[in-house]
Every structure is written in C-alpha cells, then in structure tokens.
J.: 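Next up is a structure, given as structure tokens.
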Amino acid sequence: MAASILRALQVMQAVAFVTFKEWAAYRSHMLATLFVGPVFFLVQLSIWNAVFDTQGTIGGMDLAGMIAYYGIVTVINYAVFDFADWNFQMLIRTGKFLTFLLRPLSHRYFALSQKVGHRTLGFALEFIPVYLIFWLIFGIKLIPASVAWTALSLILSFLMVFLINYCVGMTAFWLTNTGGVRSIFLIMRDLCAGVFVPLTFFPEWVQHIMFYLPFQFMTYVPVRVFLGDYELAGHTMTIPQIVGLQAIAVIAMWAISELIWRLGIKRFTGVGA
Amino acid sequence: MTGSVQAFLAVMKTVVASRLAYRGDVFFSLFVTLLGEAILPMITLLIYKSGASFPGWSLEEAMLVQAVFMLAKGIAYPFFYGMVYNTLDRVREGSFDVLLLKPRSALFMTLVTGFSIDGLGRLVGGAALFIFALSGLPMPSAAEWLGFLLLMCLSACVLFASALFMSGMLFRWVGSSRVYEMNDAATSFGRYPLSIYSKPLQFVLSSVVPVAMISYFPAATLLGRSTPGLYGAAAASVIFLAAGLLFWHYMLRTYTSAGG
C-alpha cells in the first residue's frame, strides 16, 4: 500500500515537473496575468467604492468585505485554474487520446499531475506576484482567518475544479467537438461559483439552488473559508463543517467522473483504431 | 477605393456563406456570446435591486452605457478584431507571408481576411439592451442622436486602434492569445459610467487611453448629460488611432518570416 502510494507520488512528481518545464517556456504568456489581474481588480475596486457610497451593506457585505472577496477570488483562481476540459476534448477530437489508453496510467491521474505542474508555475508567476501587487499597490492584505483550513479548502477546490472540468471534457466521448457545451458551461460555472458576484447577491430561491450545486465548492466556499465564515441561502455553517461538506462533494464528484468515464470509454473509437 | 470596397464585400460574402454551412454552430455561437454578455447587465440589475446604485445614474442610464459598450464591441468583433486572430494564426503558422504578396496593403489584407460573423451576439444583445434601456428614458432629441452617431464613429476608431495594437504585438509575441484578455481588461473600464472612477483615472480614461469614448461619451451624449472632457477625449481618440496605425506598421517591419 505504502509502496503504491509512493509510486503514485513519484509519477505525479515526474509528470508535474515535465509540465512545469514545458510551460516555463511560455512564461511571458503567464506573466500577462500581472497586467490582466490588477486591471480587472482596479475596475472592481472603482465599482464597489462607488456603489457602497450609496448604501452601507449589499448582499450582507460591507465595502471592506466586498473588496476582500474580489481580491481573494482573483488570487484563488490563479491557484486552482484548470483547462482539463479543453485538453480532454482536444485529445478525443484529434485521436491523440488513443495513446493514453496504451499507457499503464489512468488518464485522469495523468491530467491531474499535469495540473499540479502547471499550477506550481502559476503559483510562482501569477499567485504570488498578484498577491504582492494587491498588498503593496492596493494596500489590501489578504490574510486568511485560518491558514490551515484555508489551505485545506484550497486543495479541495483545486480537486473540485479539476474533476468538474474533466467531466465536462469527457462529454467529448459523445459530442466529439464540445466547444459549444464548454462555452455555456464555463459561463454558468463561474456564475454559480461566485466568481462574478458573491452568491448572497442572488435572490433567495436562486441561492437555494446554488447551495445544492457543486460549483460553490470551487470558488465561493474557499473564499468564505478564507474570510472565516460561511452563509448561503440562510444556511450558516462553521468552517470545519463547510470544509467537511466540501470534502464530501469532492468525493461525490470523483465518483461521478468515474461513472462518466466508464460509460464514455465504451463509446470511444480512436482515429485509425 | 471602389476596388477595396468590392474586395471587402467579396470576402464578407464568402465568409458569411462558409460560416452558414454550419448554421447550427453559428446560432450556438451567437447564443453563447449573448449569454456571456448578459452577465454584466445582470450584475448591474442585482446591484440596483438591492437598493444600491452607481451614484447619479439610474438603472436605465447605467444599462444604456453597457448597451452602447456591447454595440461597439458588436461592431468591432466582426470588422476589426478578426485581424487579431488572423495575425495570431498566420504569424504562428508562417502563412502571413502570403498576405504580404497580395496586390493590396498588408493592413487591408489582414483586416479583410479577418472578417468574421462570430460574435454578432454582442450586436444583437447590445441592440436588445439598448432598446430596453431607452424605453425607460425620455426620447433623445435629433441633435442628441446625431451626436451619438458621430461619437460612435470615434468609438469605432478607439476599438480599431486597440485591434491594431493587439495585432501589432503578435508580430513579436508570437501566438499569445492573451492579448485578448489584456484588451478586455483595459477596455472593461468602458462598461461603467466614467463618474465612478477617481479623478486621475477619469483623466487617463478620457484623454490618454480614451476607453471612455467606447461607450460613456456616446451614451452620455444620447442622454443629454453634460460631458466635460469630451473634446479632449475626441482628440485623444484620433491620436490613439494614429498611434495604433504607426505601431502596427512599425511592428510589421520587425516581422521575421517563419520561412514557410
């Protein structure tokens, strides 16, 4: 058991390292974030400064809370960013997926390891510099209420984003070209995850729906854990409770991805196979 | 001139015909664009429903600024922004050289062959939001409409200039699709009334990088609001376009073929 875990970790380290080196060749591509992230944040800062001039609290949040929310959303997204969906559908569409079936390694694990490598580079080139820009230029110190719970919630969010995107990518088993589905899904996903606006902004009945969807565990939950409290659709939970729920949701999502894989792989016909 | 227009029309006709061979995909793309563009007005609506607002702006007025922004981008995407994809793909593949051999200017060829009907959802969404916003506002006078149309021409100039900057960068920054994100970030200031920004930022957005000309000044003119800084912004828009043209041609000179 211990030997197989060690072996799995070695595989992950090897794949992640190769991915890291591969993407490091395109570091200027990633460094564009240093312009994009702070500029978008400056727009948000201006909007909410103006809006909170007319009212003290909106959607249960005050100005400081709202600015912290958007700051945390921005940096968290650099930590958990993922394009497993695009990658998977590309492999299916081009027929390259066939080679993965011949390897003695689950493709899902391989893709997760790639994400670890990609995000390790992202952490160095995006997360840390943008965090420092927020601190040193905007004067916003993003200090988590509890470092340990936030780190755990971030790891779970990292896995949740990957599993959800991977499931979307697997729709390529049925659709081959998933461009349209992905586009709609990405918009709805970000909306339901609280990327555009805190979920407490939505009407009560919408919040109830979002509470039972897995998307809140991608962004909204880690942000609230970072802030130190959780509330949605009238449900308040302690941090250990919501992180526990997030862990259950990740396991459920893993089971769903396994089910989709088993159904989908039966339909796969590789180019030239 | 007539020849250029004819060439443009011929390419447009071909692009429309080839895209309509996949009608389902075209309508799907239109729907997706529409959905994506609906997010911001929805957030604005949520803000106003909660009782807050952009100071000094009613919901309909704020929506009008956003509608004009969508309309402007709805024009820019088919006519200007296609040249960015075009440059990105052709420089990466090494096929940009083919455009240099054509008996027209390289800029004209890049612009024309980049024409795309994808993204027309913005125009449709912008028009729908424009009508919705105007329906809750007093009807503008003929002079206000005329002013609006003139400023929309300057809005198109600013967006064309931004396309030139993006396209020009891609001669050296080969294959980087992130120029779109950078442009989206820079122009996102234009989605809101100028008055919500700090004074120094207002100056930058109207007189240095005239993002405010994309939607704020045309919308404010249509609403009959006073628009201090309009003339400075108009001059800045023309200068911005000239700078874009100079930059694009300078970057073209630095283009080194892939040898394809």
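In what follows, chains are A, B, ... by sequence order, proteins preceding strands, each numbered from 1. Model, not experiment: these values are computed from the prediction.
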J.: Measure B:T33 against the heavy atoms of chain A and call it side chain, backbone, both or neither at under 4.5 Å.
T.: neither
J.: Indicate yes or no: does B:E61 engage B:R225 in a salt bridge with an N to O separation below 4.0 Å.
T.: yes
J.: Tell me, side chain or backbone of B:N183 under 4.5 Å from chain A's heavy atoms, or both, or neither?
T.: neither
J.: Any cation-pi pair here, B:R122 with B:Y77, using under 6.0 Å and within 45°?
T.: yes
J.: Would you verify whether the NZ or CZ of B:R178 falls within 45 degrees of the ring axis of B:W173 while also being under 6.0 Å from that six-membered ring's centre?
T.: no
J.: Relative to chain A, which segment of B:F189 carries a heavy atom at a distance below 4.5 Å: side chain, backbone, both, or neither?
T.: both
J.: A:L45, A:D190, A:I47, A:L42: which one forms the most heavy-atom pairs within less than 4.5 Å of chain B?
T.: A:I47
J.: So which of B:S188, B:P193, B:S198, B:S177 has the biggest tally of heavy-atom pairs under 4.5 Å with chain A?
T.: B:S188
J.: What part of A:F196 lies closer than 4.5 angstrom to a heavy atom of chain B: side chain, backbone, both or neither?
T.: both
J.: Can you tell me how far the CG atom of A:L227 sits from the OH atom of A:Y69, to the nearest 0.5 Å?
T.: 9.0 Å
J.: Which bit of A:S46 is near chain B, if near means a heavy-atom gap under 4.5 Å: side chain, backbone, both or neither?
T.: both
J.: Determine yes or no for a side-chain-to-main-chain donor-acceptor pair under 3.5 angstrom, with B:Y197 supplying the side chain and B:F203 the backbone.
T.: no
J.: Which bit of B:I196 comes within less than 4.5 Å of chain A, counting heavy atoms only: side chain, backbone, both or neither?
T.: both
J.: Which one, B:P55, B:G36, B:S195, leads in non-hydrogen pairs under 4.5 Å with chain A?
T.: B:P55
J.: Using the six-membered ring wherever Trp is involved, compare the ring planes of A:F211 and A:H235 and label them parallel, tilted or perpendicular (cut-offs 30° and 60°).
T.: parallel
J.: Is chain A contacted by the side chain of B:L40, its backbone, both, or neither, given a heavy-atom distance below 4.5 Å?
T.: neither
J.: Step by step, work out the side-chain hydrogen bond (donor to acceptor under 3.5 Å, both in side chains) result for B:S116 and B:Y81.
T.: CA-CA 9 Å; B:S116 160; B:Y81 282 8; over 6 Å; no
